[in-house]
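Have a look at the structure below, then the notes.
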There are 2 protein chains.
Amino acid sequence: MTRSPTRHPSLAQRLRARGWRMTPQRVAIVAALDDARAHTTAEQVHDAVLRGGHRVSLATVYNTLSALAAMGELREVHAGRRSAAFDYNVDPHHHVVCDVCGALADLDPGVARGLRLAASQSNGFEVHGVEVVFHGRCRACAAR
Amino acid sequence: MTRSPTRHPSLAQRLRARGWRMTPQRVAIVAALDDARAHTTAEQVHDAVLRGGHRVSLATVYNTLSALAAMGELREVHAGRRSAAFDYNVDPHHHVVCDVCGALADLDPGVARGLRLAASQSNGFEVHGVEVVFHGRCRACAAR
DNA sequence: CTGCTTGCAAACGGTTTGCATTATT
DNA sequence: AATAATGCAAACCGTTTGCAAGCAG
């Protein structure tokens with residue numbers, strides 16, 4: 001089969017290809033992200049790394065996640081007043097966030113399809129992205 | 001002309017009607033809000049009050065704006081990582097925010113009309129509100 | 001006179017940074 | 001060896017809070 005040798009399927013490989021030094025800390029952080037494959041905060045990633053038996057400072061987790069977000073390997077989501085979430089899924093989609101417990105869930109990607117165009121016509125604004133966050137109560141919190 | 005005596009057109013009057021003690025600090029804050037009639041941060045309101053020759057602590061501004069938001073007289077908007085904005089316009093509408101200078105502008109209220117229903121069908125989620133924030137660069141920042 | 005409101009200053013929580021040390025390439 | 005990444009602790013910034021003093025109703 002013909003496969004371009006410059007394609008790197010895993011996150012770790014893509015980072016290596018970008019010239020990233022793959023320190024044990026970065027390996028552990030990337031492993032935690034691959035394992036979760038979901039919205040995670042810096043603290044959650046840090047906890048997961050520690051639980052895995054590795055010692056990484058929270059500052060390094062923050063720096064690493066921010067760098068990954070800056071290069072488009074993660075998407076940073078600021079939902080409400082709580083801490084930032086880093087989304088493993090970088091495809092365009094939106095979220096619902098629970099006002100009570102802060103839970104973050106995905107919304108159908110078909111929703112809000114025509115919105116981007118509409119925004120670009122607003123005040124000569126140059127649109128880079130859209131953050132659509134519905135807030136309310138998740139099923140669990142609404143039940144009690 | 002027939003006008004109900006229980007209707008209070010001004011913000012100050014509505015607050016009085018709710019039993020709020022109209023201290024000089026609150027009068028000054030409300031005056032600043034009425035004057036701006038726009039998105040303002042706590043700091044901006046504080047500055048405006050000081051410029052008007054009144055002495056109000058920043059803590060009081062924060063407490064007052066939060067209370068007004070809690071009673072629906074302002075809408076709190078969290079756009080991106082910057083500080084919260086308090087929106088004088090509480091009617092449903094959305095925003096565009098500049099990644100460079102943080103400027104916040106309104107978006108056509110017709111946009112995103114069907115979104116709320118869609119969200120309410122997501123995971124049994126009970127929707128209280130929607131924050132739709134487009135980000136990118138405003139005309140001024142895109143020009144330089 | 002009652003108790004809500006204020007101001008201060010300190011605490012707070014998430015995040016970033018300066019700098020000396022360490023480790024990858 | 002050269003250079004990039006780490007850890008620590010302190011700084012940071014927006015926001016909140018505890019408590020004594022003040023003032024509106």
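Letters go in sequence order (proteins before strands), and every chain restarts at 1. For the numbers below, each heavy atom of this structure counts, side chains included, while hydrogens, waters and symmetry mates do not.
B:V27 and B:V45 end up in the same hydrophobic cluster when Ile, Leu, Val, Met, Phe, Trp and Tyr side chains are linked at under 4.5 Å. B:L50 and B:V30 are members of different hydrophobic clusters when ILVMFWY side chains are connected at heavy-atom separations under 4.5 Å. Cluster membership for A:L33 and A:M71, using ILVMFWY side-chain heavy atoms within less than 4.5 angstrom, is shared.
Taking atom CG of A:N63 as the reference point, atom P of D:dT6 lies 8 Å away to the nearest angstrom. Atom-to-atom, CG of A:D47 to P of C:dG14 comes out at 12 Å; the value is rounded to the nearest Å. Rounding to whole angstrom units, CG of residue B:L65 and P of D:dT16 are separated by 10 Å. Rounded to a whole Å, the CZ atom of A:F86 is 11 Å from the C1' atom of C:dG14.
Expressed to the nearest 0.5 Å, how far CG of A:L68 lies from CD1 of A:I29 amounts to 8.0 Å. Between the CZ atom of A:R55 and the CD atom of A:Q25 there is a distance of 10.0 Å, given to the nearest 0.5 Å. A distance of 10.5 Å separates OG1 of B:T64 from CG of B:L74, quoted to the nearest 0.5 Å. Atom CE of B:M22 and atom CD of B:Q13 lie 10.0 Å apart (nearest 0.5 Å). Going from atom CG of A:L15 over to atom CZ of A:R21 covers 14.5 Å, rounded to the nearest 0.5 Å.
Closest approach of A:L65 and A:A42 over heavy atoms only: CD1-CA, 3.7 Å. Between B:S66 and B:F86, the closest heavy-atom pair is N-CE2, 4.1 Å.
Phosphate proximity of D:dT16 to B:Y62: absent, as no side-chain N or O sits under 4.0 Å from OP1 or OP2. Between D:dA24 and B:R26, no contact under 4.0 Å exists linking OP1 or OP2 to a side-chain N or O.
Checking D:dA5, D:dT16, C:dT16 against the side-chain heavy atoms of B:S66 singles out D:dT16 as nearest.
Applying the salt bridge (charged side-chain N to carboxylate O under 4.0 Å, His left out) test to every pair with at least one member in residues 59-75 of chain A, sequence neighbours left out, gives these pairs: A:R14-A:E73, A:R75-A:E131.
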Find every protein N or O atom lying less than 3.5 Å from an N or O atom of nucleotides 20-24 of chain C, and list the pairs.
from, atom 1, to, atom 2, distance (Å)
C:dT24, O2, A:R21, NH1, 2.9
C:dT24, O2, A:R21, NH2, 3.4

Would you tabulate the nitrogen or oxygen pairs shorter than 3.5 Å linking the protein to nucleotides 7-12 of chain D?
from, atom 1, to, atom 2, distance (Å)
D:dG7, OP1, A:Q25, NE2, 3.4
D:dG7, OP1, A:R55, O, 3.0
D:dG7, OP2, A:S57, N, 2.9
D:dG7, OP2, A:S57, OG, 3.1
D:dG7, OP2, A:T60, OG1, 2.9

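Near DNA chain D, meaning a heavy atom under 4.0 Å away, there are no residues from residues 29-46 of chain A.
Taking the six-membered ring for Trp and thresholds of 30 and 60 degrees, A:H39 and A:H95 have ring planes more than 60 degrees apart, a perpendicular arrangement.
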**Complete:** Writing each nucleotide of DNA chain C 5' to 3' as (, ), [, ], | or . by Watson-Crick or G-U pairing under 3.5 Å yields ||||||||||.|||.||||||||||
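Evaluation of the side chain to side chain contact (heavy atoms under 4.5 Å, CB included) rule for A:R51 yields A:D47, A:A48 as partners, not counting sequence neighbours.
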